[in-house]
Amino acid sequence: MSNVLKAMPDSLLVYLTENNRLDCIDFREAGMKAEVRNALDGKSELKVLTDHYAMIQLNEANQVEMRLLDGQGGLLICMVCTYGTQIQESVIRFYTSSWLPLSTDKYITLPDWMFTAKLDEKEQKMILTCQTAIDRPAMEGQKEHEIMQRNLKWDSQKFK
């Protein structure tokens, strides 16, 4: 995964320049805390780095996870960006191993409402969590929220 992070275009994570990513990788491999001052003058930290998974805390309200997936035509990159603190929402994107964007719809069927996603660090799995209602002024009368969770496994073509 460190080679994937090194090759990542700066435009995909405006918080981290190439030098920031390289420093994080070097710090992590040296057993140090992999924290850097990011391009937006805050702190970002590479929290987890394995052969197939990485998790970066860009700031207190923005986290990115990446996982290499075995695809039929070679390795794919799944990137999950989660935004927010109390109420969170995720965006899922897929790329080739050389960071060419792919159509998300081809690899996962996403819910129609707000969700968060979490990649599994050890296996090619993902957990999608959805809430049917959110505490907003327009929904004051609703007191209970139904939380639905879907455990998805990668089958070399799609998360199912």
Side-chain angles (χ1 to χ4, degrees), residues 1-111 114-130 149-160:
M1 182 56 80
S2 55
N3 288 334
V4 171
L5 282 173
K6 289 174 186 176
M8 174 187 256
D10 286 349
S11 60
L12 293 180
L13 287 180
V14 294
Y15 281 84
L16 297 177
T17 65
E18 180 181 11
N19 285 338
N20 288 150
R21 292 190 311 275
L22 293 174
D23 286 345
C24 281
I25 293 166
D26 288 345
F27 295 155
R28 189 88 188 150
E29 289 174 351
M32 300 166 52
K33 184 175 183 176
E35 186 176 86
V36 294
R37 175 127 338 253
N38 62 42
L40 301 177
D41 206 31
K43 291 182 181 178
S44 296
E45 182 180 356
L46 175 61
K47 295 212 170 240
V48 180
L49 180 63
T50 69
D51 288 343
H52 295 92
Y53 175 85
M55 196 275 274
I56 304 167
Q57 191 71 43
L58 295 173
N59 65 22
E60 58 280 343
N62 194 346
Q63 173 182 296
V64 175
E65 291 180 286
M66 288 172 258
R67 180 160 228 324
L68 291 175
L69 302 169
D70 298 317
Q72 291 185 329
L75 289 176
L76 299 176
I77 302 165
C78 178
M79 185 163 83
V80 175
C81 300
T82 302
Y83 307 95
T85 53
Q86 293 177 343
I87 296 175
Q88 295 183 319
E89 184 170 21
S90 296
V91 175
I92 301 171
R93 294 189 183 101
F94 291 87
Y95 299 91
T96 65
S97 58
S98 57
W99 289 104
L100 296 174
L102 299 167
S103 173
T104 299
D105 295 343
K106 182 178 176 182
Y107 300 102
I108 191 169
T109 302
L110 296 173
M114 195 163 89
F115 67 90
T116 57
K118 175 78 177 122
L119 290 167
D120 190 285
E121 186 178 327
K122 295 182 169 75
E123 298 182 48
Q124 295 185 53
K125 295 180 181 179
M126 177 188 298
I127 298 172
L128 284 182
T129 305
C130 307
Q149 200 170 63
R150 290 175 38 202
N151 295 311
L152 305 173
K153 292 183 181 180
W154 179 253
D155 71 356
S156 82
Q157 294 181 348
K158 191 170 185 164
F159 274 109
K160 294 181 181 177

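None of these values were measured; they are calculated from a predicted model.
Ser44 contributes a side-chain N or O that, together with a main-chain N or O of Leu58, makes up a donor-acceptor pair within less than 3.5 Å. At distances below 3.5 Å, at least one donor-acceptor pair connects side-chain atoms of Asn20 with backbone N or O atoms of Thr17. Side-chain atoms of Glu121 never come within 3.5 Å of backbone atoms of Tyr53 as a donor-acceptor pair (strictly under, hydrogens ignored). Put simply, the side chain of Glu65 gets close to the backbone of Leu119: a donor and an acceptor are under 3.5 Å apart. Not a single donor-acceptor pair under 3.5 Å links the side chain of Arg93 to the backbone N or O of Thr104. A donor-acceptor distance shorter than 3.5 angstrom exists from the side chain of Arg67 to the backbone of Lys122, with no hydrogens or angles considered.
Side-chain contact between Ser2 and Arg28 is absent, with no heavy-atom pair separated by less than 4.5 Å. At least one side-chain heavy atom of Cys78 sits less than 4.5 Å from a side-chain heavy atom of Phe159.
With Ile77 as the fixed residue, the side chain to side chain contact (heavy atoms under 4.5 Å, CB included) test singles out one of Leu69, Thr96, Leu68, Leu102: Leu68. A side chain to side chain contact (heavy atoms under 4.5 Å, CB included) with Tyr95 is found for exactly one of Leu100, Leu12, Val4, Leu75, namely Leu12.
Within a 6.0 Å radius of NZ in Lys6, more than 12 heavy atoms belonging to other residues, nucleotides or ligands are found. By the neighbour-count criterion of 12 heavy atoms within 6.0 Å, atom NZ of Lys43 is sparsely surrounded, having that number or fewer from other residues, nucleotides or ligands.
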- Query: Given Val64 and Met79, is the side-chain contact (heavy atoms from CB on, under 4.5 Å) satisfied, shown in steps?
  - Reply: CA-CA 7 Å; Val64 175; Met79 185 163 83; 3.8 Å; yes
- Query: Checking salt bridge (charged side-chain N to carboxylate O under 4.0 Å, His left out) for the pair Asp10/Arg21: CA distance, chi angles, key distance, verdict?
  - Reply: CA-CA 9 Å; Asp10 286 349; Arg21 292 190 311 275; 2.9 Å; yes
- Message: Working note: Leu5 + Leu49, criterion side-chain contact (heavy atoms from CB on, under 4.5 Å); need CA distance, chi angles, decisive distance, verdict.
- Response: CA-CA 10 Å; Leu5 282 173; Leu49 180 63; 3.9 Å; yes
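Atoms CE and CG, from Met126 and Asn151 in turn, are 11.5 Å apart once rounded to the nearest 0.5 Å. Between Lys118 atom NZ and Lys125 atom NZ the span is 14.0 Å, to the nearest 0.5 Å. Between atom CG of residue Leu16 and atom CG of residue Leu46 there is a gap of 9.0 Å, rounded to the nearest 0.5 Å. The distance from atom CD of Glu89 to atom CZ of Phe115, rounded to the nearest 0.5 Å, is 7.0 Å. Remark: Asp120 CG to Leu152 CG distance equals 11.5 Å, nearest 0.5 Å. In this structure, Ile92 CD1 and Ile108 CD1 are separated by 4.0 Å, a value rounded to the nearest 0.5 Å.
When all heavy atoms of Arg150 and Thr109 are compared, the pair lying nearest together is NH2-O, 3.6 Å. When all heavy atoms of Thr50 and Met1 are compared, the pair lying nearest together is O-CB, 3.1 Å. Here the closest non-hydrogen pair linking Met66 and Trp99 is SD-CH2, 3.7 Å. Shortest non-hydrogen contact noted between Ala117 and Leu128 is CB-CD2, 3.6 Å. Nearest heavy-atom pair, Leu40 versus Asn38, reported as atom, atom and distance to 0.1 Å: N-OD1, 2.9 Å.
Classified by interplanar angle (parallel below 30°, tilted 30° to 60°, perpendicular above 60°), the ring pair Tyr107/Phe94 is tilted.
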